[in-house]
Structures are given as C-alpha cells and as structure tokens.
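Take a look at the structure set out below.
Every chain is numbered from 1 and lettered A, B, ... according to where its sequence line falls, protein lines coming before strand lines.
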Protein chains: 2
Amino acid sequence: MAPERTPPNESARRFRARVEYDGTDFFGFQAQPGVRTVQGELEAALARLSNGERRAVDGAGRTDAGVHALGQVIGFTYTGRLSAEELGRALDALLPADVAIRDLRRAPTAFHPRFAARYREYRYTVWNGPRSPLRERTALGVRARLDTAAMERAGSVLEGRHDFSPFGAADQNPVRTVHSVRVRRAGSLVTIDVRADAFLRGMVRRIVAVLLEVGRGKMDETAVREALAARAPALGGASAPAKGLCLRRVVLGRRTGEAYGDD
Amino acid sequence: MAPERTPPNESARRFRARVEYDGTDFFGFQAQPGVRTVQGELEAALARLSNGERRAVDGAGRTDAGVHALGQVIGFTYTGRLSAEELGRALDALLPADVAIRDLRRAPTAFHPRFAARYREYRYTVWNGPRSPLRERTALGVRARLDTAAMERAGSVLEGRHDFSPFGAADQNPVRTVHSVRVRRAGSLVTIDVRADAFLRGMVRRIVAVLLEVGRGKMDETAVREALAARAPALGGASAPAKGLCLRRVVLGRRTGEAYGDD
C-alpha cells in the first residue's frame with residue numbers, strides 16, 4: 001500500500017478522538033480563563049503541534065468539575081502535516097498524566113461531537129460500605145446499606161421521553177429521552193448507569209441524589225413519579241457529588257460512525 | 001445485655017484492625033522522620049486519643065513508598081477509656097482521606113501482626129492497553145500485549161519453598177514459601193496474585209518484573225527457573241513500579257483469628 005500522502009501545510013483536516021480523564025484535578029471539561037480544564041489541556045497540546053495556532057477542541061459532553069470520563073468524544077480541526085496516527089501519538093505524548101487521547105481518526109468537515117452524538121452513557125459509582133481510600137477519587141461512599149431493588153424500580157420511572165425540568169437547569173429545552181436507568185450491586189459496589197439521547201446540565205447527579213434517597217428508604221417510586229411531574233427542582237435541587245460520575249460512552253450517529261467508549 | 005464495662009484509665013488493652021490506604025502520597029508504611037508514612041498517621045491519630053502519649057502501631061507488612069493496601073493488619077496497645085467500637089470510629093474519623101481503619105477488635109496481649117500472620121496476599125495490577133488516566137494511580141500501564149498464559153506458567157515455577165535470594169534483599173533469611181502465583185486477564189486488565197507465608201523486601205515487585213519480561217516474550221519458563229537457581233539478583237535487581245502493587249489480605253494464624261482482607 002502507498003503511504004498516506006502528506007497534505008500541504010495549509011490544508012485543514014477534521015478529526016475526532018476518544019478522551020479519558022481523571023476529573024479530580026480539573027475544573028471540568030469546558031475551557032475557562034485562569035483554571036485547569038480538560039478542553040484547555042487538549043487545545044494547548046494541539047496548539048503546540050500547530051505552530052502555536054490555537055483552535056477549538058469540541059467535546060460531546062461538558063462534564064462538570066470533578067467528573068471523570070472514559071469515553072468523552074472530541075472533534076477538532078488540524079492544519080499541520082502529521083498523519084492521523086502520528087497526530088494521535090503526539091497529542092497523547094503532550095498531554096498530562098490525567099488526560100489521554102486515543103482512537104484518533106478523520107471526521108467529516110462538519111463533524112461536531114455534540115451534534116453527532118446519538119446517545120450518551122454515564123455511570124455513577126457508589127461504594128456502599130466503610131470509608132475506602134482506594135475508591136476515594138472515583139466513588140461516593142455511603143455507609144448505610146442501600147436498597148438497590150427499590151432504586152432500580154424508581155429509576156425505571158424516569159425512562160422515556162419526559163420534561164426533565166425538575167432534574168436540570170432552567171435555561172435549556174428540558175425534554176430529553178432517557179433510554180435506561182440500571183442499578184446494579186456487586187458486593188459493596190453499587191453502579192447506576194443512565195443512558196439518554198442527551199442530558200440537561202447536572203441531570204445525572206440530580207437523578208442520582210433522588211435514587212440515593214430511595215435507596216435509603218426516604219423516598220419511593222411514587223414520590224419519584226411526583227417529583228418528575230412537579231414544576232419545582234426535585235429534592236430542592238440536591239445533587240450527588242461529582243467524583244462518583246463518569247461519562248462512559250458516547251455513541252455517534254449512523255452517518256458519523258461507531259461507538260466510542262469503555263473497552 | 002450489660003454494656004461493656006469501661007476499663008480504668010491505666011489499663012492497657014491490645015487491639016488489632018484492618019487498614020486500607022492509597023499509597024500514592026505516602027513514603028511507605030514504616031514511620032520515618034520528616035516524611036509522611038501510614039504508620040506515622042496511625043500513631044498520630046492514636047496519640048490524639050491517648051492524651052498525646054505516643055505508642056507504636058505495628059503492621060503485618062512494611063509496604064514500600066507508593067504501594068497500596070486493602071487488607072493491611074495492625075496491632076497496638078491503647079490505654080484510654082473508649083470501647084473497641086468507639087475507638088474504631090474515633091480513629092477512622094481522625095485519619096486523613098487516604099487511610100482508613102476498620103474491623104477493630106481486641107487482641108491477645110502479645111499480639112503482633114507480623115508474627116501472627118499465617119500468609120499474605122499481594123496483587124499487582126497491569127493495565128495492558130493504551131494509557132489510562134483513571135487507572136494511573138493503581139495500575140502499571142503496559143501497551144504491548146502480554147502473553148498471560150506464559151506468565152502463569154512461569155509464575156508456577158516460583159511456587160513452593162525456595163531460596164528467594166535472587167528476588168530479595170541480601171540481609172534477610174531468603175527462604176520463603178510461595179503458595180501460589182496466579183495471572184489472570186479480564187479485557188485489558190491483567191492481575192498477578194502472589195500468596196506466600198512471608199515476603200522478602202521488594203520480592204513481589206521483583207517477581208512481577210520477571211513475569212512482565214516473560215509476558216513480553218523476552219524470557220521463558222526455563223529462564224525463570226535458572227534465575228531462581230542463580231546466586232545473582234534476577235534481571236539485575238529490576239523491580240516493577242510500586243503503584244501497581246496492593247497488599248490485599250493478611251491471614252492470621254489459627255490462634256489469633258480469621259482472615260483480614262478484601263470484601
């Protein structure tokens with residue numbers, strides 16, 4: 001096979017890639033002046049490979065401060081001469097230890113991960129036992145035994161196309177389709193997997209706050225149904241801590257390609 | 001039932017407990033002046049509950065800097081008035097986020113975890129795939145595909161009672177009994193579990209360094225057999241990085257009680 005032809009320097013190529021990060025030491029995905037963000041690190045690394053020219057690196061989900069990702073998807077334009085494989089390796093080599101890039105490949109010129117995403121999967125991890133230092137960064141510790149069967153039943157109330165205003169920010173179109181809410185236990189480890197076409201800001205963590213109340217026996221399925229129908233924030237807007245949340249997978253639309261996510 | 005009688009202030013009671021820690025930010029278990037150690041944190045917390053009187057907190061294994069533990073066992077003497085349950089809760093509350101204490105209970109006066117331990121189990125974790133920020137603290141990343149079947153065969157060569165000088169420090173009795181070496185793969189995750197009556201200093205990490213060479217196809221079973229028989233350090237004393245290592249479980253002798261370890 002002939003080697004990939006190096007494009008001339010001025011040609012702009014669009015790429016997409018999967019990004020994993022430990023969100024602990026980031027002020028979230030989205031770049032903001034004066035703080036450390038995942039987007040900021042990605043754009044800085046890309047600029048170093050682009051003669052210092054800074055270009056936007058778009059993400060499929062704007063994860064909050066402290067939220068992790070295994071399968072964030074990014075899209076960006078690159079004007080340099082490296083091949084896709086070289087660019088993937090070079091970017092990964094320039095990134096700090098808490099962000100990694102992989103599966104970099106060409107994308108259509110108009111590719112934007114937010115609009116190309118068909119659905120997203122988040123996992124919330126609870127360590128349902130005594131304080132565990134080795135799970136400190138990636139799980140919420142809850143000592144009292146959670147009733148995961150009740151949580152699973154309450155979660156299924158949220159499935160389907162609903163107005164999720166009680167679980168989200170007020171300035172967005174609040175109608176979303178939640179494909180599934182799964183609550184599983186393996187020993188002391190409890191995982192809550194939520195899949196939806198898209199999420200309102202803070203939505204997963206607000207859903208988890210409600211499901212934890214159910215697990216503690218303080219709310220039931222009916223109360224969750226009422227909370228969903230109410231015009232006020234559920235639990236007064238209570239939100240589960242960021243550290244337990246991870247964007248596991250973003251599945252792109254048929255036109256733009258396959259799933260990106262957890263191995 | 002009658003409540004536990006509070007012992008008089010001057011009575012010294014012996015306790016044992018299980019300790020979990022994220023070793024990343026510790027200079028190992030053993031207290032040393034001027035650096036942060038697990039033993040130092042435990043002794044400081046105990047002293048705060050003992051009118052400032054400092055007493056030794058002994059561990060079953062002196063894990064190195066960066067090595068983690070799920071099931072370290074400690075023994076110590078306490079002269080205060082708290083019940084066992086109160087003491088366990090109070091100590092845990094005083095410890096930093098990266099150390100936790102649990103399952104605290106009374107022990108015989110002569111109890112010392114190092115001598116009471118019947119065997120220890122260590123796990124070494126390898127992330128056999130692209131760089132993974134979420135596993136950065138607790139697994140060694142190895143990109144090239146490891147031959148785990150070959151590693152398992154080579155590991156079995158080490159099982160039994162041997163002179164482990166090629167895998168340990170020179171100043172200890174080098175004869176140890178390795179009960180088992182198990183190498184398992186689950187997707188990109190490779191775990192190496194080693195169980196022995198006791199370990200020489202640095203022994204697990206030196207064994208892992210050799211097994212990784214086998215996994216990469218650079219050594220075989222026969223070479224491991226020769227390394228074990230040799231009078232020189234295996235691989236010139238090469239050692240796998242600390243961050244992948246975790247003391248999972250310490251099983252105490254029949255007289256002093258049951259296993260302490262991973263849930």
Can you find a heavy atom in the side chain of A:Tyr78 that is under 4.5 Å from one in the side chain of A:Leu87?
-> yes

Which heavy atom of A:Phe29 sits nearest a heavy atom of A:Gln72, and at what distance?
-> CD1-NE2, 3.4 Å

With only heavy atoms counted, which part of A:Glu20 is less than 4.5 Å from chain B, the side chain, the backbone, both or neither?
-> both

Counting only heavy atoms closer than 4.5 Å, note whether A:Ser132 contacts chain B via side chain, backbone, both or neither.
-> both

Does CZ in B:Arg89 sit with more than 12 non-hydrogen atoms of other residues, nucleotides or ligands closer than 6.0 Å?
-> no

Of the listed A:Asp22, A:Leu134, A:Ile101, the one with the largest count of heavy-atom pairs under 4.5 Å with chain B is A:Leu134

Determine, using ring centers only, whether A:His68 and A:Tyr21 are less than 6.0 Å apart.
-> no

